[in-house]
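Every chain is numbered from 1 and lettered A, B, ... according to where its sequence line falls, protein lines coming before strand lines.
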Amino acid sequence: MMASFTSQVKQVIKQIPRGKIATYGQIAKLAGNSRAARQVAWILHSSSRKDVLPWHRVINSKGKISLPPNRGGELQKNLLEKEGIIFNRDNSINLKKYLWNF
DNA sequence: AACCTGACTTCGG
DNA sequence: TCCGAAGCCAGGT
């Protein structure tokens with residue numbers, strides 16, 4: 001079996017329902033390490049190229065997009081809005097409303 | 001083959 | 001309450 005942290009993270013991300021978002025820390029915690037949020041970010045980089053993952057549903061704990069706009073941040077915002085997520089005027093997301101509680 | 005960096009979070013002072 | 005430092009895994013150089 002592939003019980004590596006990476007595969008766990010991938011599985012968790014695949015379970016994020018449409019129209020909801022999750023934070024790096026939340027995913028890391030579900031994958032087994034609450035402090036491995038950083039790896040989650042890196043995994044999205046490497047895995048989203050090969051596998052199809054809803055990477056756009058992953059944001060930081062402040063409820064904002066972590067990518068620089070020129071790195072896909074705009075795309076991410078666009079994709080989330082298409083799923084019905086409303087952004088605040090400061091480009092943040094209402095975690096109380098959209099955070100994925102499994 | 002070793003070292004560095006990355007779309008972050010949490011803990012301690 | 002605010003700021004600094006540590007933690008974690010993998011891929012690229």
Side-chain angles (χ1 to χ4, degrees):
Chain A
M1 63 174 189
M2 285 267 292
S4 64
F5 180 75
T6 303
S7 58
Q8 296 290 50
V9 171
K10 290 182 191 173
Q11 292 307 310
V12 174
I13 294 173
K14 286 180 182 172
Q15 291 170 48
I16 301 173
R18 187 176 177 289
K20 289 285 180 178
I21 54 88
T23 66
Y24 297 92
Q26 183 181 17
I27 293 170
K29 191 175 182 181
L30 291 174
N33 291 315
S34 58
R35 298 176 214 159
R38 225 171 167 189
Q39 283 59 265
V40 175
W42 182 246
I43 289 165
L44 287 172
H45 258 277
S46 61
S47 297
S48 63
R49 298 194 182 191
K50 310 171 191 174
D51 306 307
V52 180
L53 298 175
W55 60 271
H56 56 277
R57 296 182 191 147
V58 184
I59 61 174
N60 64 27
S61 64
K62 297 167 202 148
K64 293 182 181 173
I65 292 175
S66 296
L67 278 100
N70 60 316
R71 283 275 173 228
E74 286 188 34
L75 171 63
Q76 182 171 21
K77 183 182 176 185
N78 200 8
L79 290 170
L80 291 175
E81 289 179 328
K82 268 193 168 179
E83 296 193 348
I85 292 177
I86 308 300
F87 281 72
N88 298 320
R89 298 175 84 194
D90 64 342
N91 284 317
S92 66
I93 294 176
N94 186 334
L95 292 176
K96 289 279 186 181
K97 187 173 181 182
Y98 297 111
L99 185 64
W100 172 44
N101 343 233
F102 54 104

Please enumerate all protein N or O atoms sitting under 3.5 Å from an N or O of nucleotides 9-13 of chain C, with distances to 0.1 Å.
unit_1: C/dG11; atom_1: O4'; unit_2: A/Trp42; atom_2: NE1; d: 3.2

- Message: Given 3.5 Å as the limit, does a donor-acceptor pair link the side chain of A/Asp90 with the main chain of A/Ser92, or not?
- Response: yes
- Query: Does anything in residues 18-27 of chain A reach DNA chain B, meaning a heavy atom under 4.0 Å, and if so which residues?
  - Reply: A/Tyr24, A/Gly25
- Query: Do you know which two heavy atoms are closest between A/Trp100 and A/Gln26, and how far apart they sit?
  - Reply: O-NE2, 2.7 Å
- Item | Nearest heavy-atom neighbours spanning A/Ser47 and A/Leu53 | CB-CD1, 3.7 Å
- Task: For A/Asn78, enumerate each residue passing the side-chain hydrogen bond (donor to acceptor under 3.5 Å, both in side chains) test, keeping only those at least two apart in sequence or located in another chain.
- Result: none
- In whole Å, what separates the C1' atom of B/dA7 from that of C/dG4? 22 Å
- Query: Which residues, if any, of residues 54-62 of chain A bring a heavy atom under 4.0 Å of DNA chain B?
  - Reply: A/Trp55, A/Asn60, A/Ser61
- Query: Which pair of non-hydrogen atoms, one from A/Gly73 and one from A/Ile65, has the smallest distance, and what is that distance?
  - Reply: O-CD1, 3.6 Å
Got a list of protein N/O to nucleotides 3-5 of chain C N/O distances below 3.5 Å?
none

- Message: With a strict under 4.0 Å distance from non-hydrogen atoms of chain A, what nucleotide opens and what nucleotide closes the contacted stretch of DNA chain B, reading 5' to 3'?
- Response: B/dG6 to B/dT9
- Message: If the condition is ring pair (Phe, Tyr, Trp, His ring centres under 6.0 Å), which residues does A/Trp55 pass it with, not counting sequence neighbours?
- Response: none
For residues 9-18 of chain A, tabulate all N or O donor-acceptor pairs below 3.5 Å that involve a side-chain atom, not counting sequence neighbours.
unit_1: A/Gln15; atom_1: NE2; unit_2: A/Gln11; atom_2: O; d: 3.2

- Message: According to salt bridge (Lys or Arg N to Asp or Glu O under 4.0 Å), does anything in residues 53-70 of chain A pair up with another residue at least two apart or in another chain? List the pairs.
- Response: A/Arg57-A/Glu83
- Query: More than 12 heavy atoms of other residues, nucleotides or ligands under 6.0 Å from CD of A/Glu74: is that the case?
  - Reply: no
- Query: Within a strict 4.5 Å, meaning less than it, do heavy atoms of the A/Tyr98 and A/Ile59 side chains meet?
  - Reply: no
- Message: Contact list please: residues 65-97 of chain A against DNA chain B, heavy atoms, distance less than 4.0 Å, in numerical order.
- Response: A/Ser66, A/Leu67
- Query: Under 4.5 Å between side-chain heavy atoms, hopping through other hydrophobics if needed: is there a path connecting A/Val52 to A/Leu79?
  - Reply: no
- Item | side-chain hydrogen bond (donor to acceptor under 3.5 Å, both in side chains) partners of A/Thr6, counting only residues at least two apart | none
- Task: Test A/Ile21 against A/Val58 for side chain to side chain contact (heavy atoms under 4.5 Å, CB included), laying out the working first.
- Result: CA-CA 6 Å; A/Ile21 54 88; A/Val58 184; over 6 Å; no
- When every non-hydrogen atom of A/Thr23 is compared with those of A/Ser61, the smallest separation belongs to CG2-CA, 4.0 Å
- pair A/Leu75-A/His56: side-chain heavy atoms closer than 4.5 Å: no
- Query: Got a donor-acceptor contact below 3.5 angstrom from the A/Lys29 side chain to the A/Tyr24 backbone?
  - Reply: no
Quiz: residues 35-46 of chain A side-chain donor-acceptor pairs under 3.5 angstrom, not counting sequence neighbours:
unit_1: A/Ser46; atom_1: OG; unit_2: A/Ile43; atom_2: O; d: 3.3

